[in-house]
A.B. asks: 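Mind looking over this structure? Questions follow.
Given the structure is predicted, the values throughout are model-derived calculations rather than measurements.
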Amino acid sequence: MRLKHWKLLPCFLLGLTAMQVVGWGVAAAFGTFAGLRKLHWAIWLLLSLALPITALLVIGKAKEGRYPRWYGVSYLFSVLGAGCAYGICLAFLEV
């Protein structure tokens, strides 16, 4: 009973890895296409907020009981949103 939390560790580490890869990809896209920085900052804010909001909607469907496997999909949307936000910060800081 005490060791059930260790089952979450591989998915957590996979999520962190996916967030890092998405962040690097977004930062690389900003570095490759300099015109992306000229777009208004609100567009990037909306992109960073759209994915976590989608995650909330998906987890709402999962809690209804019809789609129990959608908890993982919700986690994926949350990770992608965090990766986008991280990559945008990296790009605008020119790291």
Side-chain angles (χ1 to χ4, degrees):
M1 187 80 166
R2 291 181 289 156
L3 299 178
K4 284 188 177 182
H5 62 278
W6 288 109
K7 292 180 182 179
L8 299 174
L9 185 64
C11 290
F12 173 71
L13 293 176
L14 186 64
L16 283 179
T17 304
M19 185 181 80
Q20 187 72 30
V21 169
V22 169
W24 287 341
V26 169
F30 271 88
T32 304
F33 305 108
L36 291 176
R37 284 194 199 151
K38 295 179 183 175
L39 293 174
H40 196 270
W41 60 268
I43 294 172
W44 305 118
L45 179 66
L46 288 175
L47 175 68
S48 296
L49 290 176
L51 289 167
I53 290 171
T54 305
L56 287 174
L57 295 174
V58 169
I59 204 165
K61 287 291 183 185
K63 285 186 177 182
E64 289 177 2
R66 292 186 292 173
Y67 308 106
R69 296 194 184 260
W70 282 32
Y71 287 107
V73 175
S74 172
Y75 182 65
L76 178 66
F77 277 119
S78 182
V79 163
L80 293 177
C84 283
Y86 174 66
I88 290 167
C89 289
L90 285 177
F92 278 103
L93 292 174
E94 297 179 359
V95 175

A.B. asks: Return the minimal non-hydrogen interatomic distance between L90 and G23, and the atom names on each side.
C.D. replies: CD1-O, 4.4 Å

A.B. asks: Would you call I53 and F77 a side-chain contact if the rule is heavy atoms closer than 4.5 Å?
C.D. replies: no

A.B. asks: Does a side-chain heavy-atom distance below 4.5 Å link S48 with I88?
C.D. replies: yes

A.B. asks: Does L14 share a hydrophobic cluster with F12, counting links as ILVMFWY side-chain heavy atoms below 4.5 Å and allowing steps through other members?
C.D. replies: no

A.B. asks: For residues L39 and L46: do they belong to one hydrophobic cluster (side chain heavy atoms under 4.5 Å, members Ile, Leu, Val, Met, Phe, Trp, Tyr)?
C.D. replies: no

A.B. asks: Under the rule for ring pair (Phe, Tyr, Trp, His ring centres under 6.0 Å), what residues qualify as partners of Y86, not counting sequence neighbours?
C.D. replies: none

A.B. asks: To the nearest 0.5 Å, how far apart are CG in L56 and CG in L51?
C.D. replies: 11.5 Å

A.B. asks: Taking all atoms of both residues into account, what is the closest heavy-atom pair of M19 and A82, and its distance?
C.D. replies: SD-CB, 3.5 Å

A.B. asks: What is the minimum heavy-atom distance between C84 and L47, and which atoms define it?
C.D. replies: SG-CD2, 4.4 Å

A.B. asks: Can the ring centroids of W70 and Y75 be said to lie less than 6.0 angstrom from one another?
C.D. replies: no

A.B. asks: Measure from the side-chain N and O atoms of S78 to the backbone N and O of P52, and report whether any donor-acceptor pair falls under 3.5 Å.
C.D. replies: no

A.B. asks: Has the side chain of T54 got a donor or acceptor atom that lies under 3.5 Å from a matching backbone atom of A50?
C.D. replies: yes

A.B. asks: Looking at L80, T17, V79, which hits side chain to side chain contact (heavy atoms under 4.5 Å, CB included) with V22?
C.D. replies: L80

A.B. asks: As an exercise, state the distance from SG of C89 to CH2 of W44, rounded to the nearest 0.5 Å.
C.D. replies: 13.0 Å

A.B. asks: I'd like to check V58 versus Y71 (side-chain heavy atoms, cut-off strictly below 4.5 Å). Are they in contact?
C.D. replies: no

A.B. asks: Rounded to the nearest 0.5 Å, what's the gap from CZ on R69 to OG on S74? Could you check?
C.D. replies: 15.5 Å

